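Structure, as structure tokens:
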Amino acid sequence: MEPLTWTGAVGAFLNPVLGIAVTLLVVALIAQLVLGLFASPTTLQANPDGTLAASGGILGKIETAMKYLFLAVIALILVYLIAPLVLPYGMVGIIGEMSQRFLPVWIALIVTFTISIIYKRRLGLYGKLFDSTVGMIGFGLVMFWVFTALFVSVFDLIATHDYLTQVSGLKNKAPGVAVPDGTAGDIPHYLLGGDNLARDIFSRMVSGSTFVIAIAPLATIFAFMVGITLGLPAGYYGGLLDTILSFVANLILAFPVILLFYLLVTPEIVQTGIPSYMAAFLFVFPLIFFGVLLNSRYYTQPQKRTAILVPVLGILGWLYLSVINQKGTVIDFLPAWFDLFDITILVVFVSVVFVNAPTVFRIVRGLTLDLRTRDYVAAAQTRGEGAWYIMLWEILPNARGPLIVDFCLRIGYTTILLGTLGFFGLGLSSESPDWGSTINEGRKLLLIFAHPALPPAVALLSLVLGLNLLADGLREESLKD
Amino acid sequence: MTDQPILEIDKLSISFFTRLREIPAVMDFSATVMPGEALGLVGESGCGKSTVALGVMQDLGVNGRIVGGSIKFKGEDLCEMSPERLRDIRGSEIAMIYQEPMASLNPAMKIGKQLMEVPMIHEGVSEKEAYARALEVVTDVKLPDPERMLKSYPHQLSGGQQQRIVIAMALMSKPSLLILDEPTTALDVTVEAAVVELVKDLGKKYGTSMLFISHNLGLVLETCDRICVMYSGEAVERGSIADVFDEMQHPYTQALFRSIPLPGADKNARPLVAIPGNFPLPHERPDGCNFGPRCDYFEAGRCDAGFIPMEPVPGNDRHQSRCLKFQEIDWNAPIQVSDTKEKPEPGPVVLKMDNLKKYYEVAANALFGGGDKKVVKANETLSFEARESETLAIVGESGCGKSTFAKVLMGLETATDGAILLDNQSIGSTAIEDRDTKTVADIQMVFQNPFDTLNPSMTVGRQIMRALEIFGVGANDAERRARMLELLDLVKLPRAFADRMPRQLSGGQKQRVGIARAFAGDARIVVADEPVSALDVSVQAAVTDLLMEIQREHKTTLLFISHDLSIVRYLSDRVMVMYLGHVVELGSTDQVFSPPYHPYTEALLSAVPIADTSVKKKHIVLEGDIPSAMNPPSGCPFQTRCGWKSKVAGGLCEKEVPPVRMLAEGHQIKCHLSDAELAEMEPVIQIAAE
Amino acid sequence: MGLFILRRFGVMILTAFCLTFIVFWLTNLGPNLEKLAKTQGNARMSDDAVVSWLANRGYSQPLPIKYGQWLGVLPGYVIDGTDGEVRARCAGPGEAVEEASTFCGILQGDWGFSTVAKDNVSAVLPGRLANTGKLMGWVMLVMVPGALIVGVLAGMREGSRTDRTLSTASIVTTATPEYVSGVLFISLFATGTFGMQWFKGTASSAVENATFENFFLPVMTIALYGMGYIARMTRASMAEVMTAQYIRTARLKGVSFPKIVLKHALRNALIAPFTVIMLQIPWLLSGVVIVETLFTYQGFGWELVRAASNNDIEMLLGVSVISVFVVLMTQLISDIGYVYLNPRIRIS
């Protein structure tokens with residue numbers, strides 16, 4: 001087989017066109033930025049139909065030009081993405097084949113967006129996201145990786161080869177390299193080349209998404225549970241409790257993250273059982289949270305409360321025990337049939353939660369300090385509500401805006417932290433396809449072979465960027481009313 | 001002086017543009033301000049009065065646009081000016097005074113610098129000269145120690161002083177037009193009176209024309225020569241003060257006057273007439289007359305037919321009305337009194353305060369902590385009784401301790417000393433957690449800010465049902481839901497509101513929900529903390545009426561906390577006046593509102609603007625600001641501002657807190673003045689015989 | 001004010017004690033010591049040998065005593081070892097046990113001996129710190145003015161095209177952690193892959209002689225990540241200030257737009273970012289570790305990684321003490337600076 005080029009036969013005439021369009025777009029953008037700094041604020045004009053239009057000399061013309069150029073670039077990129085569906089294999093090169101591999105993701109994205117946009121007025125804050133371009137782009141990037149992770153892990157789609165199989169002769173080979181005949185795999189090429197152990201980089205990259213998509217949101221949720229359960233009383237009661245909790249939070253925050261990781265995430269520490277104890281402590285917070293949440297709401301109706309509380313706490317308790325109970329560690333008392341699952345990288349999980357929780361605590365504490373002065377809180381107090389009801393049902397729901405925004409940002413930050421762990425080779429096996437480890441593997445030969453480190457780097461960048469844009473869009477839209 | 005008007009607004013229309021639609025804020029608005037004249041612009045919130053001011057300043061923001069008409073300043077059209085010319089005029093020819101003095105001053109810049117900036121920009125004078133000018137103007141606005149003032153930062157001054165600085169800043173370049181946008185709303189009544197007085201004097205001294213924007217008719221009466229009443233983006237009536245106040249020619253103006261408590265109104269014999277319905281949202285305005293749907297004189301097919309122009313009222317000077325029927329309406333017809341109510345007899349004593357004291361300990365320096373502890377005496381020996389179905393008003397300005405008192409009564413704080421007896425059971429030292437459900441349900445509260453009183457993320461019905469749950473009303477959810485719907489009926493809200501979120505309700509509706517919630521457990525004592533002060537005038541009357549009606553039915557004891565003496569006089573049976581934690585006067589409404597007064601009550605009465613031309617007020621302006629509760633004056637708390645202090649021999653006022661004296665049955669006062677001097681006091685308010 | 005600083009110092013010292021104790025405890029856990037014995041002594045040591053090796057070198061003493069010795073408040077150990085040799089904590093290599101001082105801890109200025117660098121910690125760290133100081137200095141020089149300018153430009157006209165472009169750029173940089181941007185930069189500008197081999201991919205030579213060629217990429221890598229964050233803070237703060245009423249007051253006083261921005265808005269808008277910048281420094285510390293590892297620049301972060309991977313206890317403790325000190329100092333400075341910048345707090 002011939003190796004694939006980046007854009008194949010189609011690219012031969014499309015590439016120059018795209019090049020020109022992109023160059024013009026960049027020029028227009030810069031010109032507009034520069035002019036925009038000096039020009040007086042655009043004069044707006046009211047149209048009879050009640051809309052506003054900006055009109056203004058050169059600036060206006062550049063703006064129009066930019067709009068068309070932008071559309072042209074998008075259209076050209078779409079050609080690269082759609083053409084491989086109708087053209088035979090390899091015609092659009094590596095880009096085309098990658099697009100083809102991602103086909104299930106494209107379909108899922110289109111379905112999600114269509115449904116969301118149609119019903120956006122009925123979907124609350126989520127629906128409003130589709131009023132904001134930035135938010136939509138962010139959401140698109142995030143969902144791209146979510147769907148990728150889903151299809152790779154559950155349906156075994158997208159990845160072309162097994163991410164652990166080493167094929168002799170493909171060590172550090174450039175993107176588009178053809179695999180020897182008879183190699184197992186969906187296509188006869190390594191789309192993004194081979195790494196220093198001759199494994200398929202493209203497959204490793206898409207498989208790596210599963211790790212991040214599974215761990216990062218979950219760890220963030222736990223961090224939020226801890227932060228909320230402790231931050232609410234700290235802000236609401238103040239006083240000694242607040243002083244102690246804030247001191248502890250600041251103590252953890254004063255640790256340089258990497259030092260903490262280097263101290264915590266080592267096989268020796270795992271041996272001592274500290275991560276298990278920490279897990280036992282940190283993961284109990286969801287139980288406390290939901291227990292108190294439901295109890296404070298229904299304590300006036302004991303029957304109803306029991307009916308709700310027992311199943312909820314039962315299931316959560318079972319999950320909790322399964323998570324902390326692990327074979328071969330200090331906490332290993334459950335019979336095997338009762339233990340739902342083992343988390344092999346418990347230490348990574350625990351330390352990420354541990355690092356994130358104090359920041360969440362501080363945010364929740366600050367929001368509580370602000371919200372507790374509201375009249376509706378006073379109204380709840382004057383009708384004799386318990387403190388936890390006020391915190392969880394009167395204050396927390398009204399702090400949800402900033403918390404949701406921070407939740408998105410924090411998933412991004414957690415992703416970065418997981419990457420950092422991988423980058424220093426902490427807690428994860430070197431075979432693991434996660435992006436941090438792959439970057440770490442790739443950087444060692446970076447000056448000679450740049451291609452193995454780039455795909456995971458770009459993947460991580462795009463996911464974090466998506467989360468940040470999503471958070472930005474949410475913030476903007478939630479501020480609007 | 002020439003006869004050319006300073007400001008001439010002609011058929012002005014201003015719209016705001018959103019992504020979805022154009023929202024007209026001001027339509028077909030015309031007004032003229034002659035040299036030295038003061039024009040009052042009156043209307044409820046959202047009527048577009050502030051937009052007019054910003055339109056004159058050409059500062060409508062990104063979305064605002066003047067879509068029609070012209071604004072001529074000394075014959076020059078402001079809409080067609082270049083940005084440079086506009087900048088020249090702003091600050092030098094037209095100056096503006098804002099609602100929130102604290103927010104309008106740059107917190108990181110010394111006051112002197114902010115003042116000096118004005119002549120330095122506009123007249124290019126040297127720094128030294130600008131300083132001299134600043135000093136002069138600051139002296140003019142009667143601030144003590146002007147040189148120190150110029151060296152201070154804004155946060156070091158009190159609200160009243162800050163507003164004086166803002167006024168000084170406006171006057172730095174001796175403008176020909178001064179725009180005042182609700183300049184005293186954020187201030188206490190006695191401070192407001194002093195600031196209004198100052199503005200009036202300076203207006204005369206500098207010969208400045210004024211555009212005075214306010215929602216308070218009384219204030220406009222005191223400050224302006226002419227008035228323009230706005231409703232929902234349109235001017236509905238304009239003319240001289242005398243014409244509009246005494247010979248109103250628009251149903252809205254009339255309704256407005258009938259809904260505010262003027263002296264003479266009485267909750268039983270002559271109740272207020274609330275304007276029915278709600279203020280229309282800008283994009284939901286009706287065809288024809290905007291006021292049509294709420295108007296008593298509405299005639300279908302005529303009033304909603306189309307555009308209604310401003311028509312001059314024959315015989316009056318520049319008096320115009322935007323009503324098709326103003327010449328047909330009998331303006332002198334007496335108010336149709338719906339039903340006069342019997343004054344309910346007060347029942348047995350339910351609540352008794354006995355020498356209640358509440359002290360706080362605070363660190364002297366809040367930020368850096370540590371240091372000396374200071375004791376703030378928020379409430380000092382409070383004693384009174386309240387009976388069943390009685391309304392007791394608690395009157396005072398900020399820092400007088402009325403909110404602390406409410407907190408102690410509710411059990412959010414415990415008393416330092418003394419007792420609160422509810423049905424002869426002491427609850428003063430019982431925190432709310434330790435009170436039994438019955439006691440908690442018995443004492444409930446209605447809060448001030450309608451936008452804050454309901455939890456924004458829970459439906460209205462759920463919030464009321466939660467209160468029912470807590471108070472143990474109803475055996476199951478179905479029963480509670482039924483009871484909740486009854487409560488909605490009680491506060492005259494449609495039952496459909498049960499499933500609405502608070503943000504879908506208007507301010508008045510939210511306040512009604514708050515009242516329903518307070519009565520969920522059949523409260524016997526309701527503390528209403530300024531329940532209507534944040535509402536628009538036309539809604540105030542309706543909410544007040546509702547409160548009174550429920551009180552009558554439930555024989556509730558109402559503790560009405562307010563700073564507004566007009567409404568207090570209207571609805572309360574007894575009045576308690578507080579100043580810096582002390583009860584300075586307590587008595588029945590008649591006793592408190594007629595001499596002899598406590599000097600503070602006297603000043604308070606004089607300070608409240610009354611929108612009635614037939615009322616003559618004695619003019620008392622208090623010096624200075626309310627002292628901080630952290631650092632109260634020695635002796636009598638009021639001695640620093642009291643005008644009668646000189647009549648007490650031997651500086652007694654500065655040395656001793658006056659004892660409580662009984663003047664008549666149930667009328668007590670805390671003052672050193674002798675009986676003879678008290679007897680000499682004249683009534684502050686006199687209604688001229690018509 | 002003095003009292004305030006005193007209190008802050010109190011909290012700082014307490015924090016420092018807690019943090020160093022935690023580090024001390026973690027590094028002195030059984031498995032870590034075992035690893036230390038095996039790396040220092042013999043990889044195929046028997047369990048008994050490990051125990052005696054540790055006992056001979058004072059590692060088997062109770063934790064609080066070891067911590068006290070390290071601090072210098074308890075006398076250093078003198079152990080008559082099972083192998084017949086007498087060892088004293090305070091006796092340096094080649095020094096006789098009898099001549100050693102009784103106390104040798106942080107308080108006496110003795111930072112201990114690095115088992116990896118084979119030298120005193122106090123001899124190794126200053127050089128490393130100086131290197132990192134050089135790197136950080138350049139980073140701050142690029143990052144702070146850049147971020148403030150971007151933030152102010154974006155925030156002064158909220159919603160304008162300039163704002164949107166700059167804000168998006170800021171978001172992109174905050175979404176690019178150092179190990180991603182570093183890898184991208186190296187592959188773009190330090191390898192021939194894209195035909196732009198302009199800079200060097202390592203900075204090891206920058207220790208001696210920092211040039212544009214070998215120092216630009218590491219500096220930019222750290223600066224970019226922090227820059228976006230500070231720029232966004234500045235933008236938010238600036239945008240908020242620009243909608244404040246006193247800005248309207250200034251505008252309606254006839255002040256021109258540039259003057260409004262410079263005289264009225266800037267100082268108020270910089271209060272919030274100042275705290276952020278100061279609190280950013282400990283955060284940059286992580287970036288420094290990554291970048292120094294990636295570019296093999298022998299600074300503080302590089303030393304941290306080396307010490308941590310080899311369980312070099314004394315070095316690790318020294319590194320922790322310094323980073324804790326840096327973190328706490330920046331917090332202190334940010335508090336004081338905030339008070340200084342904000343007259344509202346200063347004079348109340």
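Keep in mind the model is a prediction, meaning the values are calculated, not measured. Numbered from 1 within each chain, the chains take letters A, B, ... in sequence-line order.
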Query raised in the report: So do the side chains of Gln245(C) and Leu105(B) get within less than 4.5 Å of each other, counting heavy atoms only?
Result: no

Query raised in the report: What distance separates Arg248(C) CZ from Met57(B) CE, expressed to the nearest 0.5 Å?
Result: 9.0 Å

Distance-only donor-acceptor hits, side chain of residues 222-234 of chain C, under 3.5 Å, sequence neighbours excluded:
{"from": "Arg232(C)", "atom 1": "NH2", "to": "Asp472(A)", "atom 2": "OD1", "distance (Å)": "2.9"}
{"from": "Thr234(C)", "atom 1": "OG1", "to": "Ile230(C)", "atom 2": "O", "distance (Å)": "2.6"}

Query raised in the report: More than 12 non-hydrogen atoms from neighbouring residues, nucleotides or ligands closer than 6.0 Å to NZ on Lys174(B), yes or no?
Result: yes

Report task. Hey, could you give me the CD/CG distance between Gln58(B) and Leu252(C), rounded to the nearest 0.5 Å? Result -> 11.0 Å

**Report entry** Option in Asp59(B), Ile89(B), Leu86(B), Val166(B) with maximal non-hydrogen atom pairs under 4.5 Å from chain C
**Finding:** Asp59(B)

Requested in this report: Quick one: which of Met172(B), Met169(B), Glu84(B), Lys113(B) has the most heavy-atom pairs under 4.5 Å with chain C, could you say?
Outcome: Met169(B)

Query raised in the report: CZ of Arg251(C) to CZ of Arg90(B): how many Å apart, nearest 0.5 Å?
Result: 7.0 Å

**Report entry** Residues of residues 132-143 of chain C with any heavy atom under 4.5 Å of a heavy atom in chain B
**Finding:** none

Query - Options Ser256(C), Ala250(C), Ala244(C), ranked by heavy-atom pairs under 4.5 Å with chain B, top entry - result: Ser256(C)

Query raised in the report: Any side-chain heavy-atom pair from Met109(B) and Tyr246(C) closer than 4.5 angstrom?
Result: no

Query raised in the report: Nearest 0.5 Å, what's the NZ-CD distance between Lys263(C) and Gln114(B)?
Result: 10.0 Å

Query raised in the report: Which answer fits Val255(C), side chain, backbone, both or neither, if we ask what part of it has an atom under 4.5 Å from a heavy atom of chain B?
Result: both

**Report entry** Neighbour count above 12 (heavy atom, 6.0 Å) for Glu136(B) CD
**Finding:** yes

Query raised in the report: Checking Ile179(B) against chain C: side chain, backbone, both or neither under 4.5 Å from a heavy atom?
Result: neither

Report summary line: So NZ of Lys259(C) and CD1 of Ile121(B): to nearest 0.5 Å the spacing works out to 5.5 Å

Query raised in the report: Ignoring hydrogens and geometry, is there a side-chain-to-backbone donor-acceptor pair from His264(C) to Ala108(B) under 3.5 Å?
Result: no

Query raised in the report: Would you say the side-chain atoms of Thr249(C) pair up with the backbone N or O of Ser104(B), donor to acceptor, closer than 3.5 Å?
Result: yes

